[in-house]
Amino acid sequence: MGDWWKEEDLPVAWDRILPGGPLAVEVGFGGGEFLAGMARLNPDTRFVGIERFGEGHRRLLKILAGDGLRNVLPMVGDAYVLMNLAFAEESVASVTVNFSDPWPKARHARNRLLREEFLHIVARKLAPGGLLYAATDDVPYAYEAADALAGVASLASRHPGARWLSESPFPVRTRYERKWMAEGRPLHYFVYQKT
Ligand SMILES: C[S@@+](CC[C@H](N)C(=O)[O-])C[C@H]1O[C@@H](n2cnc3c(N)ncnc32)[C@H](O)[C@@H]1O
């Protein structure tokens with residue numbers, strides 16, 4: 001459990017507290033620039049953000065207050081816990097994990113998000129036909145993510161001829177993405193669909 005989530009309140013009654021269209025979840029939204037940008041472009045989609053970094057919430061809330069966006073709801077806590085408990089099975093239209101920390105040291109490996117344990121949780125929450133989007137700048141992590149994705153039978157690649165895409169499928173750039181692009185780093189994007 002997170003610090004204050006109570007099991008009896010979960011999964012969250014999204015249809016009551018954030019009525020609207022499909023549910024799109026962003027995991028590790030950082031300062032929320034991408035989440036807010038996507039919400040602005042897709043006013044009929046409900047965006048739920050998960051982030052454990054408190055300062056990121058403060059930044060996102062400032063953007064939301066400035067824009068008056070009403071289709072975004074952030075959740076503070078750990079993605080493994082919240083992804084698992086806050087959403088009913090097969091209820092989510094998309095999950096996006098942008099530039100999650102690669103945690104290069106072996107002893108920190110369990111913190112990575114693009115590994116089978118987390119991807120299985122995501123796969124359970126996605127509705128049939130739902131999409132998983134992931135991105136990383138880190139080359140070893142990209143290979144590891146590709147292997148982990150291949151290990152989840154209910155997720156099928158939308159780019160079967162290529163391990164990953166080199167261009168973002170989205171019209172909005174994240175804060176880290178802009179930074180890596182400015183440094184000329186090759187970026188790796190994954191799009192998988194729940195079968
Ligand atoms: C490198 S930053 C990228 C932020 C943003 N997505 C971007 O591309 O600019 C990774 C973010 O994921 C968050 N994060 C990593 N693991 C998490 C977890 N298990 N639960 C919630 N947030 C997590 C971190 O707090 C951090 O803000």
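Counting starts at 1 for both ligands and their atoms, following the listed order. Values below: every heavy atom of this structure, side chains too, minus hydrogens, waters and symmetry copies.
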Contact table, ligand 1 N/O with protein N/O, distance under 3.5 Å:
residue, atom, partner, partner atom, Å
ligand 1, 6 (N), Gly28, O, 2.8
ligand 1, 6 (N), Asn98, O, 3.0
ligand 1, 8 (O), Thr174, OG1, 2.7
ligand 1, 9 (O), Thr174, OG1, 3.4
ligand 1, 9 (O), Arg175, N, 3.4
ligand 1, 9 (O), Tyr176, N, 3.0
ligand 1, 16 (N), Arg52, NH2, 3.4
ligand 1, 19 (N), Arg52, NH1, 3.4
ligand 1, 19 (N), Asp78, OD1, 2.8
ligand 1, 20 (N), Ala79, N, 2.8
ligand 1, 22 (N), Arg52, N, 3.4
ligand 1, 25 (O), Glu51, OE2, 2.5
ligand 1, 27 (O), Glu51, OE1, 2.8
ligand 1, 27 (O), Glu51, OE2, 3.1

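- Dense packing is recorded around CZ of Arg185, with more than 12 heavy atoms of other residues, nucleotides or ligands lying under 6.0 Å away.
- A salt bridge links Glu89 with Lys125: at least one charged nitrogen is closer than 4.0 Å to a carboxylate oxygen.
- Contact check on Arg59 versus Glu55 returns a salt bridge, with a Lys/Arg side-chain nitrogen under 4.0 Å from an Asp/Glu carboxylate oxygen.
- The existence of a salt bridge linking Arg110 and Glu117 is excluded, since no basic side-chain nitrogen approaches an acidic carboxylate oxygen closer than 4.0 Å.
- Arg178 CZ: more than 12 foreign heavy atoms inside a 6.0 Å radius.
- Under the 4.5 angstrom side-chain criterion for Ile, Leu, Val, Met, Phe, Trp and Tyr, the cluster partners of Met38 are Phe29, Phe34, Leu35, Leu41, Phe47, Leu60, Leu61, Leu64, Leu69, Val72, Phe99, Leu131, Tyr133, Leu165, Phe170, Val172, Tyr176, Trp180, Met181, Leu187, Tyr189, Val191.
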